[in-house]
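Notes follow the structure.
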Amino acid sequence: MSLIKSISGIRGTIGGKAGEGLTPVDVVKFTAAYGAWVIEQTNNPKVVIGRDARISGDMISRLVSATLQGMGIHVIDLGLSTTPTVEFAVPLEKAGGGIILTASHNPIQWNALKLLNSVGEFISDQEGKAILEKAESESFSFAEVKKLGSYIQINDYIDRHIQHVLNLELVDAAAIKARNFKIVVDGVNSTGGIAIPKLLRALGVTEIEEMFCTPDGHFPHNPEPLPENLRDISKKLEKGSFDLGIVVDPDVDRLAFVNEDGSTFGEEYTLVAVADYVLSKTPGNTVSNLSSTRALRDVTEKRGGKYTAAAVGEVNVVNQMKAVNAVIGGEGNGGIIYPASHNGRDALVGVALFLTHLANFGKSISMLRATYPNYHISKNKIELTPEINVDKILLEIKDKYKKHPINDIDGVKIEFEKEWVHLRKSNTEPIIRIYSESESEATAEHLAKKIMQDIKEVVSASLI
């Protein structure tokens, strides 16, 4: 069993002993710590919650709701929802915070509590540490019987979210309707199976093939929207009867597309394509994390804007976007952050902007993909023994490549002329993750292997 406590929330596998898995005891303790923090920070005892469709979701939701009520906090439960929908709802409900009950792309045995502040954005590093400390010290108290919190359900927030998307200036439902798109949707049997078909119908799409859109939490494949997990929808598209496929993860903040021939558009290019469209209408700056494709930088500079890299993690990207006043940003995992809507990854916003772009483009999705630079990312990792000082290794690699541009805000990223390598240490294991990108797949692999060999030489030298 696993239980991972981090600044963004608590994540674990269901069952086992308290402190070793995500048990009811852990859920209650962590929720109480968050509730105490909300009351202290905002003096507003109201929290919005929502969940994805995983099997453990109803149990976790009832535990969270009861605990918050026990703290004297009023609970607004959106029920089956999406991460961006909860983010959207928090400020509208004038709540002190929000909790999304989802383990995102993790398999069925996992669940998690993702924590939001009063503006519907993920809590900061400092705030997360404060909540963790409260949980560990159990420095919270519960309300007296006459001061218990209330509980209400609101079941139409996905519809409100969709209407919000339709109202965005750069979303053109008429253009989308005129294209008569035939679309396949893979909702991985979670809440994307509710939200995405509803959104498509609202955008005027009438021919929709729903695959795995029953929100029962029985994921039909690994729920991370990577090419190796999308074989079923790819086979459907290979037959040539549809214009494109849309795939989301269980909580609908990651978005991937499949081309009309069954090939994948590439999750790294979800943001690239959407950014290209947004920049064509509202020129400005962009942000993605250090491990995302260089193609966003290329598209941004071509449109006259400035690209900036942020540390990995949605809250880091959002903070950097605010700092440079970015008009679009996100992460290479298919996460679109569009500030004109809200500051969070949102697959609904991404779908609407992408389909508007494709409709105006007037050709196939594979032809749209061909208009963008073609980079290849290689993802590797090297496992080390616990006694090895990972930070020291990263410093030595940084020194070895000091003649090249280096970004060290999150690990070490080395920039070459058209290639880059990004090294990040794991927070929980003695592992260094190595991401490399090049126009050539072979070159990307070679770069990764070269850096891995450098690391091995540094380790060997330190052991002499």
Side-chain angles (χ1 to χ4, degrees), residues 3-12 14 18-19 21-52 54 56-79 81 83-91 93-104 110-143 147-152 251 253 313-315 318 343-344:
L3 182 65
I4 300 171
K5 302 170 186 176
S6 71
I7 57 167
S8 59
I10 184 169
R11 173 168 51 105
I14 299 299
L22 188 61
T23 70
V25 173
D26 297 291
V27 171
V28 169
K29 183 168 77 169
F30 199 79
T31 301
Y34 172 73
W37 175 83
V38 167
I39 293 169
E40 288 176 5
Q41 294 295 311
T42 68
N43 198 28
N44 180 8
K46 185 192 293 187
V47 170
V48 177
I49 68 170
R51 66 182 180 91
D52 69 16
R54 60 187 66 231
S56 60
D58 179 59
M59 175 193 73
I60 300 294
S61 179
R62 285 184 282 125
L63 285 165
V64 167
S65 296
T67 303
L68 291 172
Q69 286 181 268
M71 299 289 295
I73 293 172
H74 306 298
V75 178
I76 300 170
D77 186 356
L78 308 189
S81 191
T83 284
T85 304
V86 178
E87 293 172 344
F88 170 72
V90 168
E93 293 297 326
K94 298 180 172 60
I99 304 179
I100 308 150
L101 312 175
T102 174
S104 193
W110 289 82
N111 212 326
L113 279 63
K114 290 185 176 181
L115 309 178
L116 304 176
N117 61 23
S118 61
V119 293
E121 298 172 11
F122 284 112
I123 60 172
S124 69
D125 177 270
Q126 186 177 356
E127 291 164 338
K129 287 176 181 174
I131 293 167
L132 284 174
E133 287 173 8
K134 281 185 181 296
E136 290 305 312
S137 61
E138 298 187 9
S139 54
F140 45 78
S141 59
F142 295 91
K147 296 183 179 179
L148 296 175
S150 61
Y151 172 87
I152 63 169
D251 67 324
D253 63 355
E314 181 173 333
V315 68
V318 168
N343 286 314

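Values below: all heavy atoms of this structure, side chains included; hydrogens, waters and symmetry mates excluded.
- Using a 4.5 Å heavy-atom cutoff, the side chains of Phe122 and Val318 are not in contact.
- Scored by the salt bridge (charged side-chain N to carboxylate O under 4.0 Å, His left out) test, Glu87 finds no partners at all (sequence neighbours excluded).
- Residues Leu63 and Thr31 form no side-chain contact, since every pair of their non-hydrogen atoms from C-beta on lies 4.5 Å or further apart.
- When all heavy atoms are compared, the tightest approach of Thr85 to Leu78 is O-CD1, 4.3 Å.
- There is no side-chain donor-acceptor pair under 3.5 Å between Asp58 and Ser61.
- Closest of all the heavy-atom pairs between Ala33 and Ala135 is CB-N, 3.5 Å.
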Criterion side-chain contact (heavy atoms from CB on, under 4.5 Å) on Val47 and Ile99, from CA distance to verdict: CA-CA 7 Å; Val47 170; Ile99 304 179; 4.2 Å; yes
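- Every ring pair (Phe, Tyr, Trp, His ring centres under 6.0 Å) that Phe142 has, sequence neighbours left out, goes to Phe140.
- The distance from the CD1 atom of Ile49 to the CG atom of Leu116 is 12.0 Å, given to the nearest 0.5 Å.
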Leu113 vs Leu101, side-chain contact (heavy atoms from CB on, under 4.5 Å): CA-CA, chis, key distance, verdict: CA-CA 5 Å; Leu113 279 63; Leu101 312 175; 3.9 Å; yes
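- When the salt bridge (charged side-chain N to carboxylate O under 4.0 Å, His left out) test is applied to Asp251, the partners found at least two apart in sequence or on another chain are Lys114.
- Across Leu148 and Gly70, no two heavy atoms sit closer than the pair CD2-CA, 4.0 Å.
- Asn44 has its side chain out of reach of Val38: every pair of non-hydrogen atoms, C-beta onward, lies at least 4.5 Å apart.
- Checked against salt bridge (charged side-chain N to carboxylate O under 4.0 Å, His left out), Arg54 has the following partners two or more places apart in sequence or in another chain: Asp52.
- Expressed to the nearest 0.5 Å, how far OH of Tyr151 lies from CZ of Arg62 amounts to 9.5 Å.
- Between Glu136 and Lys5, the shortest heavy-atom contact is OE2-NZ, 2.7 Å.
- Under the salt bridge (charged side-chain N to carboxylate O under 4.0 Å, His left out) criterion, Glu133 pairs with no residue, sequence neighbours left out.
- The distance from atom OG of Ser118 to atom CD1 of Ile123, rounded to the nearest 0.5 Å, is 12.0 Å.
- Interatomic distance, CD1 of Ile14 versus CH2 of Trp110, reported as 10.0 Å (0.5 Å rounding).
- Nearest heavy-atom pair across Val48 and Ala89 is CG1-CB, 4.2 Å.
- For the atom pair Ser150 OG and Ile73 CD1, the distance stands at 11.0 Å (nearest 0.5 Å).
- With values rounded to the nearest 0.5 angstrom, Leu132 atom CG is found 12.0 Å from Lys134 atom NZ.
- The ring pair (Phe, Tyr, Trp, His ring centres under 6.0 Å) search around Phe88 returns His161, His164, not counting sequence neighbours.
- Closest approach of Lys29 to Glu138, counting heavy atoms only: CD-OE2, 3.7 Å.
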